Amino acid sequence: QVQLAESGGGLVPAGGSLTLSCSASGRSYGSSAMGWFRQAPGKEREFVAAISGRGDVTNYSDSVKGRFTISRDDAKNTMYLRMNTLKPDDTAVYFCGLRFSPTATLTPASYRYWGQGTQVTVSS
């Protein structure tokens, strides 16, 4: 069993920055790909970024490419999402997911475990 816990959300003005963290516990996750997804009210969960089990491959949605950076620290069992130049459209609940494969994917259904989410609100 794996438990994921996100933290770092909050209220920021447009143009600001935040760093989200996702801590994993319950098993070693070093070989597992992980991803960040977000869900705004009334919308489906959408892909934001993913990182491979070895941390050597990253993927980003077009809407965040160049502004967000995903990374992982396996020694701390933690994944991060650095978000710069935030926009009001980035407002959503951000979730981290883990899958039992080293390959990062963009599909929420391929992730086995999820955290409870952390709210990010960007004011205009």
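Since the model is a prediction, treat every value here as computed from it, not as a measurement.
- Checking side-chain atoms of S31 against main-chain N and O of G53 turns up no donor-acceptor pair under 3.5 Å.
- Heavy atoms only, all atoms of each residue included: T78 and S21 are closest at CG2-CB, 4.2 Å.
- Rounding to the nearest 0.5 angstrom, the gap separating the SG atom in C22 from the CG atom in L98 is 8.0 Å.
- For T107 (side chain) and S110 (main-chain N/O), no donor-acceptor pair under 3.5 Å exists by modelled atom type.
- Grouping the Ile, Leu, Val, Met, Phe, Trp and Tyr side chains by contacts below 4.5 angstrom, directly or via other members, places F47 apart from I70.
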Chi angles and distances behind the side chain to side chain contact (heavy atoms under 4.5 Å, CB included) call for V48, Y60: CA-CA 6 Å; V48 175; Y60 297 92; over 6 Å; no

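- V2 and M34 fall within a single hydrophobic cluster, where Ile, Leu, Val, Met, Phe, Trp and Tyr are joined by side-chain heavy atoms under 4.5 Å apart, directly or via other members.
- Using a 4.5 Å cut-off between side-chain heavy atoms of Ile, Leu, Val, Met, Phe, Trp and Tyr, with links allowed through other members, Y80 and V120 fall into different hydrophobic clusters.
- Ion pairing of D90 with K87 is absent here, as no side-chain N (NZ or NE/NH1/NH2) approaches a carboxylate O to less than 4.0 Å.
- Between the Q39 side chain and the E44 main chain, no donor and acceptor come within less than 3.5 Å of each other.
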Derivation and outcome, side chain to side chain contact (heavy atoms under 4.5 Å, CB included), residues Q119 and T91: CA-CA 8 Å; Q119 177 71 47; T91 295; 4.0 Å; yes

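- How far CE of M79 is from CG of D73: 12.5 Å, rounded to the nearest 0.5 Å.
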Stepwise salt bridge (Lys or Arg N to Asp or Glu O under 4.0 Å) check, D74 with R72: CA-CA 6 Å; D74 290 352; R72 62 191 295 162; 2.9 Å; yes

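- A donor-acceptor pair under 3.5 Å is absent between the side-chain atoms of S63 and the main chain of S61, judged by distance alone.
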Pair N84-L86, side chain to side chain contact (heavy atoms under 4.5 Å, CB included): steps then yes or no: CA-CA 5 Å; N84 294 326; L86 283 162; over 6 Å; no

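- Counting heavy atoms from C-beta on, the side chains of Y113 and Q1 come closer than 4.5 Å.
- Panel note: side chain R99, backbone T103; a donor-acceptor pair is recorded below 3.5 Å.
- Of the possible polar contacts, one joining the R67 side chain to the T85 backbone as a donor-acceptor pair under 3.5 Å is found.
- Taking OG1 of T19 as the reference point, atom CG of L81 lies at 8.0 Å (rounded to 0.5 Å).
- Note that the OH atom of Y94 and the OG1 atom of T118 stand 10.5 Å from one another [nearest 0.5 Å].
- L4 contributes atom CG, which lies 11.5 Å from atom OH of Y111 (distance to the nearest 0.5 angstrom).
- For the pair P102 and S52, the minimum side-chain heavy-atom distance is 4.5 Å or more.
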Trace of the side chain to side chain contact (heavy atoms under 4.5 Å, CB included) decision for W114 with C96: CA-CA 6 Å; W114 294 93; C96 65; over 6 Å; no

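- Between F95 and F37, the distance separating the two ring centers is not shorter than 6.0 angstrom.
- Without hydrogens or angle criteria, E6 side chain to Q116 main chain gives a donor-acceptor distance under 3.5 Å.
- Contact check for V12 versus T121: no side-chain heavy atoms found under the 4.5 Å cut-off.
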